[in-house]
Amino acid sequence: MKKIITLALAAAMTIASAVVAFADEPIAAIDTTYTFENAQQNDTSVDKFANPFKNLGLDSATIQYTVTIPSNPKYLTGYDTVMTFGDKSSGFIYICNELVGMNSGGFVDYWPSGTTATMVYPGKGETYTVNLVFSGDGVAFYVNGEQMPGSNVSAGNADGTVGTLTGTDMLSFLNSESVLYIGANNTSYWAPQDMTLSNIVFFKGAVTTPYTVTGDEPKVGRIDENGEVQTEAPTQKSDNDNQQTVAPNIIVEEGGNMTVIMVIVVVVVVVVLGVAAAVILTQKRR
């Protein structure tokens, strides 16, 4: 009987691990690498995508990206743009080098140091991965897996005024806004940050450690010049390393990960019940 119970526990732990793995799977990724050099302050969009978070009913969300700052950047400030959700006409969330905030009938700013006066990210000539965790508490900053001291602390602006918007307002905006811009200055404030930007991943939930893009992730739909969303499935390598096979075009299905997790939970319950029944039958036979 001990052997049966041991096997049951091993099976349950294996399936529970699978549940955790699925829970950490990204909902979408952008596998393009962007390089911004000598950026100018204008409204030119480098790339325009459909917002992968739209209509997901977010309680929390994570955006991850990897940055390499050149050795001699023209700009290196906390407030130069990386990406934005929305634009000046509809309100927007701005993600900058060391500033994440929102302007829509009010404003809120978050800095990883907790103050606009101090930068904490690695500097010139360095590479680092940022995980931004959005929740009702605000925005938490993780750099190479380490939480920054200003996480979830609203920062005052130059005159000491603290914004009126909240983390809940930002989540609501992420859940409803249609468009994501990469490298665009749709805020009217700043130029794109001089950097190489890669490994861009979107998660439903809090993910605080760096995730490496494999190419198997669902891809974010790109919006073309006609305003149409062009969808592309993950590209996977075949047995022949020189060939690639592409599955039919699929947009990320809302709630897809949750469905998989629910199925796994049901399987766990069935396995545990089956083992319990086997143990009872064994005892009766004795």
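- Of the possible polar contacts, none joining the Asn97 side chain to the Asp80 backbone as a donor-acceptor pair under 3.5 Å is found.
- Side-chain contact check for Asn144 and Tyr121: no donor-acceptor pair (N or O, by modelled atom type) lies under 3.5 Å.
- Under the 6.0 Å cut-off for aromatic ring centres, Phe173 and Phe92 do not qualify, their centroids lying 6.0 Å or more apart.
- A donor-acceptor contact shorter than 3.5 Å is absent between the side chain of Asn226 and the backbone of Glu228.
- With rounding to the nearest 0.5 Å, the separation of CD in Gln147 from OG1 in Thr208 is 8.5 Å.
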### Message
Run the ring-ring contact (aromatic ring centres under 6.0 Å, His included) test on Tyr211 and Phe203 for me, step by step, so that the C-alpha distance in whole Å, both residues' side-chain angles and the decisive distance to 0.1 Å come before the verdict.
### Response
CA-CA 10 Å; Tyr211 169 94; Phe203 301 87; 5.6 Å; yes

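- Heavy atoms from other residues, nucleotides or ligands lying under 6.0 Å from OH of Tyr65 number more than 12.
- The backbone N or O of Ile182 lies less than 3.5 Å from no partner atom in the side chain of Asp47, so there is not a single donor-acceptor pair.
- Taking all atoms of both residues into account, the shortest heavy-atom contact from Val220 to Ala50 is CG1-O, 3.1 Å.
- The backbone N or O of Met148 sits less than 3.5 Å from a side-chain atom of Ser151, completing a donor-acceptor pair.
- For the pair Thr62 (side chain) and Gly205 (backbone), a donor-acceptor distance under 3.5 Å is present.
- Annotation: side chain of Lys219 is not in contact with side chain of Thr231 (no heavy-atom distance under 4.5 Å).
- In this structure, Leu180 and Met83 approach most closely via the heavy-atom pair CD1-SD, 4.0 Å.
- At most 12 non-hydrogen atoms from other residues, nucleotides or ligands lie less than 6.0 angstrom from CG of Asp59.
- Between the side chain of Asn51 and the backbone N or O of Glu177, at least one donor-acceptor pair lies under 3.5 Å.
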